[in-house]
Number of protein chains: 2
Amino acid sequence: MSTYHHGDLRSALLHSAGELLEEQGLESLRLREAARRAGVSHNAPYRHFSDRDALLAALAAEGFGMLAGALENRAGREMGEAYVRFALEHPNRFRLMFSGRLQLDRHPALASAAGATYEALIAAFRAQRDIADPETAAAAAWSLVHGLAQLLLDGHLASAKDRNAFVREVIGTVRFAAAQRSA
Amino acid sequence: MSTYHHGDLRSALLHSAGELLEEQGLESLRLREAARRAGVSHNAPYRHFSDRDALLAALAAEGFGMLAGALENRAGREMGEAYVRFALEHPNRFRLMFSGRLQLDRHPALASAAGATYEALIAAFRAQRDIADPETAAAAAWSLVHGLAQLLLDGHLASAKDRNAFVREVIGTVRFAAAQRSA
DNA sequence: GCGTTGAAGTTGACAATGACAACATCAATC
DNA sequence: GATTGATGTTGTCATTGTCAACTTCAACGC
């Protein structure tokens, strides 16, 4: 029962910090509070994360993993809807992932997690034969669903109607054509 | 020269805080530092802003004003490009505006500033006759350019080519159709 | 067995911040 | 010419992220 050494504090911290993040948001996520919830002293986290940003980066990378899971085995509009659904179900996690406070070049693990998600997206578009430029289309599709998710989260799009229906409608209104050459 | 009373401290604070925001980003924006730069004591800001969030909300509202100006007299793809350009030129301001930490119902001035921008967008689409559902199309268009801006800012879209060209291409690849009724 | 060692946790500090309370200044008004 | 209320100031406090120094304990070589 001697628990001077925790065993798997790193996971425990990710768990408690993840709870705090999803409950209270990025700004209220205190390193010390996460340590408290994990039952360790306020400085224990520094054995596993070099600083607060490192913990946040780990949480964000975890988020990209969750997102990838949510998109798995989906394609086209269904994938787009799943993207938005993920954002609405994990608003604070999603915001952290795209907060911009975590520079990809400073957090390689985060960069590769995010990159993997994008790759899956491009692959899905590459499978669709009727699209001229999969890379551009994938970028456009990602932009669309990402922007939609964010604007919904921030409350900018008045969703008088049912939210799911609105999302379907917005996504459904868009077509991807071949890229135009010059003006 | 007796400057016990500043004269227009509110604007001065918005100015210095705006500088700090654009220079160093949202996280590093200290209330006390803004006061320092404005040449007043660390508590003077509280006479004009009830707390840090109130100052941030004012900065964000200012940002929506700037954005509206950048979109003025533009329409269609040109407007979309201007939107992205604004985000890239004022990354930290843009991030603040959509950070999600400012709830619109708690900051009425911000809500109306943001609403005005959206209205302008919808109006631009309403003017285009060949679009079936301007509201939905406007939401989709906003989503597209907003997501594109954010993903570019965060460095998720590898822009091997020229950035402006890439933006044009992505925006150009999208068409807005009439909304589909059910599946 | 037993001493060593190094990773994992702890205690104790420190400067900085956002916020509150009490006080000071000064322009306008009666 | 006193009052007063908005605007600034000084002083204080709890909290936070981070650094430094100390402790615990499991694994390893001998």
Side-chain angles (χ1 to χ4, degrees), chain A residues 1-21 23-60 92 96 99-103 106-107 110, chain B residues 1-60 92 96 99-103 106-107 109-110:
Chain A
M1 221 42 104
S2 90
T3 46
Y4 189 99
H5 290 86
H6 183 285
D8 194 5
L9 182 54
R10 193 191 146 89
S11 318
L13 282 172
L14 278 178
H15 182 74
S16 64
E19 280 183 355
L20 285 169
L21 171 64
E23 286 168 14
Q24 316 190 14
L26 173 54
E27 319 291 333
S28 320
L29 174 45
R30 317 287 195 233
L31 216 42
R32 291 168 101 109
E33 174 73 16
R36 242 167 255 143
R37 287 213 186 183
V40 294
S41 79
H42 68 265
N43 251 351
Y46 284 92
R47 296 295 146 186
H48 300 274
F49 302 98
S50 63
D51 60 6
R52 184 169 180 269
D53 269 8
L55 173 58
L56 293 182
L59 285 173
N92 289 320
L96 167 64
S99 63
R101 64 179 272 97
L102 305 169
Q103 293 173 25
R106 286 200 154 280
H107 303 277
L110 174 57
Chain B
M1 222 40 109
S2 90
T3 45
Y4 189 99
H5 290 87
H6 183 285
D8 195 4
L9 182 53
R10 193 190 146 90
S11 317
L13 282 172
L14 279 177
H15 182 74
S16 64
E19 281 183 355
L20 285 169
L21 171 64
E22 310 218 337
E23 285 168 15
Q24 316 190 12
L26 173 55
E27 319 291 333
S28 321
L29 174 46
R30 301 340 190 202
L31 217 41
R32 290 167 99 107
E33 175 73 16
R36 240 167 257 141
R37 288 213 185 184
V40 293
S41 79
H42 67 265
N43 251 354
Y46 286 93
R47 297 295 148 188
H48 300 273
F49 303 97
S50 62
D51 61 6
R52 184 170 180 268
D53 269 8
L55 172 59
L56 293 182
L59 285 173
N92 289 320
L96 167 63
S99 63
R101 69 186 263 81
L102 305 170
Q103 294 173 23
R106 285 197 155 285
H107 303 278
L110 174 57

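On a predicted model such as this, the values are computed, not experimentally measured, just so you know. Sequence lines set the chain letters: A, B, ... in the order given, protein chains first and strands last, and positions in each chain run from 1.
- Between the CG atom of A:D8 and the C1' atom of C:dG9 there is a distance of 15 Å, rounded to whole Å.
- In this structure, A:R52 has no salt bridge (charged side-chain N to carboxylate O under 4.0 Å, His left out) partners at least two apart in sequence or on a different chain.
- Side-chain contact between A:L96 and A:L29 is absent, with no heavy atoms from C-beta onward closer than 4.5 Å.
- Counting to the nearest Å, the C1' atom of C:dG18 and the CZ atom of B:R101 are 12 Å from each other.
- Taking atom CZ of residue A:R30 and atom C1' of nucleotide C:dT17, one finds them 11 Å apart after rounding to whole Å.
- Put simply, the side chain of A:L26 does not reach to within 4.5 Å of the side chain of A:N92, judged on heavy atoms.
- Going from atom CD of A:E27 over to atom P of C:dT17 covers 17 Å, rounded to whole Å.
- As a whole-Å value, the separation of A:Q24 CD from D:dT15 P is 15 Å.
- The residue among B:A44 and A:E33 whose nearest nucleotide of DNA chain D is located toward the 5' end is B:A44.
- Side chain of B:V40, nearest nucleotide from D:dT9, D:dG17, C:dA19: D:dT9.
- Counting heavy atoms of neighbouring residues, nucleotides and ligands inside a 6.0 Å radius, atom NE2 of B:H48 exceeds 12 of them.
- The distance from atom CG of B:L29 to atom C1' of C:dG18 is 12 Å, rounded to the nearest whole Å.
- A:L9 has its CG atom 8 Å from the C1' atom of C:dA8, to the nearest Å.
- Remark: the B:Q103 side chain and the B:H107 side chain contain no N/O donor-acceptor pair separated by less than 3.5 Å.
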What protein N or O atoms touch nucleotides 11-14 of chain D N or O atoms at under 3.5 angstrom, if any, and at what distances?
unit_1, atom_1, unit_2, atom_2, d
D:dG11, O6, B:H42, NE2, 3.0
D:dG11, O6, B:N43, ND2, 3.1

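- The CG atom of B:L31 sits 15 Å away from the C1' atom of D:dT9 (whole-angstrom rounding).
- Between A:L14 and A:S11, every side-chain heavy-atom pair lies at or beyond the 4.5 Å cut-off.
- Residues B:D53 and B:R106 are not in side-chain contact: their nearest non-hydrogen atoms beyond the backbone lie 4.5 Å or more apart.
- Taking the side chain as every heavy atom from C-beta outward, A:D51 and A:L31 never approach each other to under 4.5 Å.
- Contacts with DNA chain C (heavy atom under 4.0 Å) in residues 46-53 of chain A: A:R47, A:H48, listed by number.
- Counting heavy atoms from C-beta outward, B:R37 and B:L20 have side chains that approach closer than 4.5 Å.
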